[in-house]
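See below for the structure under consideration.
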Amino acid sequence: MNRLALGILGSGKGSNCRAILERIRDGSLAAEARVVVSDVLDAPILDIAREFSVPNAYLNPGHFKTRLEPNTEAELVRMLQDCGVTLVALAGFMRVLKAPMLEAYPGRILNIHPSLLPKFPGLMAWKQALDAGEKVTGCTVHHVDQQIDHGDILAQREVPILPNDTAESLHERIQVQERILYPEVIGRFCPQP
Ligand code: GRF
């Protein structure tokens, strides 16, 4: 059966990655995770990849804090292409991608962000929404472009902000919705039966 060749990039705990790999395993996503790459050596997302027997790699990010060095980003492109990846899903990847990736995968890099974009791009978006006194926030899956948390929006799910919410409780409920939304949107890129 023809399957979408997926690459997943993440820097952290990997709960979205797990949700995607579970949907692949239970057959509801016609994709194959070709590789999981992290810029953090001991990131739990790499353990999740191993748990699901998905090839995985640590990419030494070099000196920059918020992006990869150009050579390193070119190496990432090679790594993904060598694995035959045709769609890249950022799942908590904490670096901004630049020309090497954007040119190698035009329109084929997705990101999930914990707010209803265009509101609250950037870090701790759930806390930004809470601090702003919003009644509703949520999560967004979007195409990745040159700007941070910016490209075309593919789908969103709303999450109400409750009177007693803390940043943690709100973030947790947003993440529950993320784990539904992201596999659903990736499904749109899969070959249809
Ligand atoms: C998610 O909340 C996502 O919206 C943001 O980074 C977080 C990653 O969480 N981009 P996880 O590593 O998938 O648990």
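Heavy atoms only: backbone and side chains are in, while hydrogens, waters and symmetry mates are out.
- Counting heavy-atom neighbours within 6.0 Å of Leu123 CG, excluding the residue itself, gives a total of 12 or less.
- The two residues Pro191 and Ala30 come nearest to each other via the heavy atoms CD-O, 3.7 Å.
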Go through the steps for Ile8 and Leu21 under the test side-chain contact (heavy atoms from CB on, under 4.5 Å), then give the verdict. CA-CA 10 Å; Ile8 302 174; Leu21 297 180; 4.2 Å; yes

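- Annotation for Asp149 and Gly122: closest pair OD2-N, 2.8 Å, computed over non-hydrogen atoms.
- Distance check, rounded to the nearest 0.5 Å: OH of Tyr58 to CG of Leu46 gives 10.0 Å.
- Counting only N and O atoms by type, the side chains of Ser15 and Arg179 include a donor and acceptor under 3.5 Å apart.
- With sequence neighbours left out, the ring pair (Phe, Tyr, Trp, His ring centres under 6.0 Å) criterion links His142 to no other residue.
- Qualifying salt bridge (Lys or Arg N to Asp or Glu O under 4.0 Å) partners for Arg108, counting only residues two or more places apart in sequence or in other chains: none.
- Within 6.0 Å of CD1 in Ile148 there are 12 or fewer heavy atoms belonging to other residues, nucleotides or ligands.
- A distance of 4.5 Å separates CG in Leu4 from OG1 in Thr86, rounded to the nearest 0.5 Å.
- Taken to the nearest 0.5 Å, the CZ atom of Arg157 stands 6.5 Å off from the CG atom of Leu181.
- With hydrophobic clusters built from ILVMFWY side chains whose heavy atoms lie under 4.5 angstrom apart, Ile112 shares a cluster with Ile45.
- You'll find the side chain of Pro100 reaches within 4.5 Å of the side chain of Lys98, heavy atoms only.
- Of the possible donor and acceptor atoms, none in the side chain of Glu103 sits under 3.5 Å from a partner among the backbone N and O of Met101.
- At a threshold of 4.5 Å between side-chain heavy atoms, the hydrophobic network of Ile, Leu, Val, Met, Phe, Trp and Tyr places Val54 and Leu9 in two separate groups.
- Closest approach of Ile24 and Ala33 over heavy atoms only: CD1-N, 3.9 Å.
- Residues Leu102 and Val85 are members of one and the same hydrophobic cluster, defined by side-chain heavy-atom contacts under 4.5 angstrom among Ile, Leu, Val, Met, Phe, Trp and Tyr.
- Between Asn16 and Ala91, the shortest heavy-atom contact is CB-CB, 4.1 Å.
- Panel note: side chain Thr140, backbone Ser115; a donor-acceptor pair is recorded below 3.5 Å.
- In this structure a side-chain-to-backbone donor-acceptor pair under 3.5 Å is missing from Arg18 to Lys13.
- Contact check on Lys119 versus Glu134 returns a salt bridge, with a Lys/Arg side-chain nitrogen under 4.0 Å from an Asp/Glu carboxylate oxygen.
- The shortest distance between side-chain heavy atoms of Phe189 and Leu6 does not fall below 4.5 Å.
- The shortest distance between side-chain heavy atoms of Glu172 and Trp126 does not fall below 4.5 Å.
- One distance of note links NE2 of His171 with CD1 of Ile174; it measures 6.5 Å at 0.5 Å rounding.
- Identified under the side-chain hydrogen bond (donor to acceptor under 3.5 Å, both in side chains) test for residues 61-77, with sequence neighbours left out: none.
- Atom CE of Met94 is surrounded by 12 or fewer heavy atoms from other residues, nucleotides or ligands within 6.0 Å.
- With hydrogens and angles left out, the side-chain atoms of Glu178 and Gln175 include a donor and acceptor closer than 3.5 Å.
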Would Phe120 and Lys127 satisfy side-chain contact (heavy atoms from CB on, under 4.5 Å), going step by step from the backbone distance to the final call? CA-CA 9 Å; Phe120 311 119; Lys127 188 169 182 305; over 6 Å; no

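- Residues Met79 and Val37 share a closest heavy-atom pair of SD-CG2, 3.9 Å.
- Taking CD from Glu22 and CG from Leu29, the interatomic distance works out to 12.0 Å, rounded to the nearest 0.5 Å.
- Hydrophobic clustering, with ILVMFWY side chains joined whenever heavy atoms are under 4.5 angstrom apart, keeps Leu68 apart from Val40.
- One hydrophobic cluster holds both Leu87 and Ile20 under the rule that ILVMFWY side chains link at heavy-atom gaps under 4.5 Å.
- If you take OH on Tyr105 and CG on Leu76, they are separated by 8.5 Å, rounding to the nearest 0.5 Å.
- No donor-acceptor pair under 3.5 Å is formed between the side chain of Arg34 and the backbone N or O of Ala5.
- Heavy-atom minimum distance, Ser11 versus Asp39: OG-OD1, 2.7 Å.
- Applying the side chain to side chain contact (heavy atoms under 4.5 Å, CB included) test between Val141 and each of Leu117, Ile186, Leu90, Leu154 identifies Leu154 as the sole match.
- No side-chain heavy atom of Val36 sits under 4.5 Å from any side-chain heavy atom of Ile48.
- Between the side chain of Thr137 and the backbone N or O of Val159 there is no donor-acceptor pair closer than 3.5 Å.
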Verdict with supporting geometry, Leu110 and Tyr182, side-chain contact (heavy atoms from CB on, under 4.5 Å): CA-CA 9 Å; Leu110 310 183; Tyr182 213 0; 3.8 Å; yes

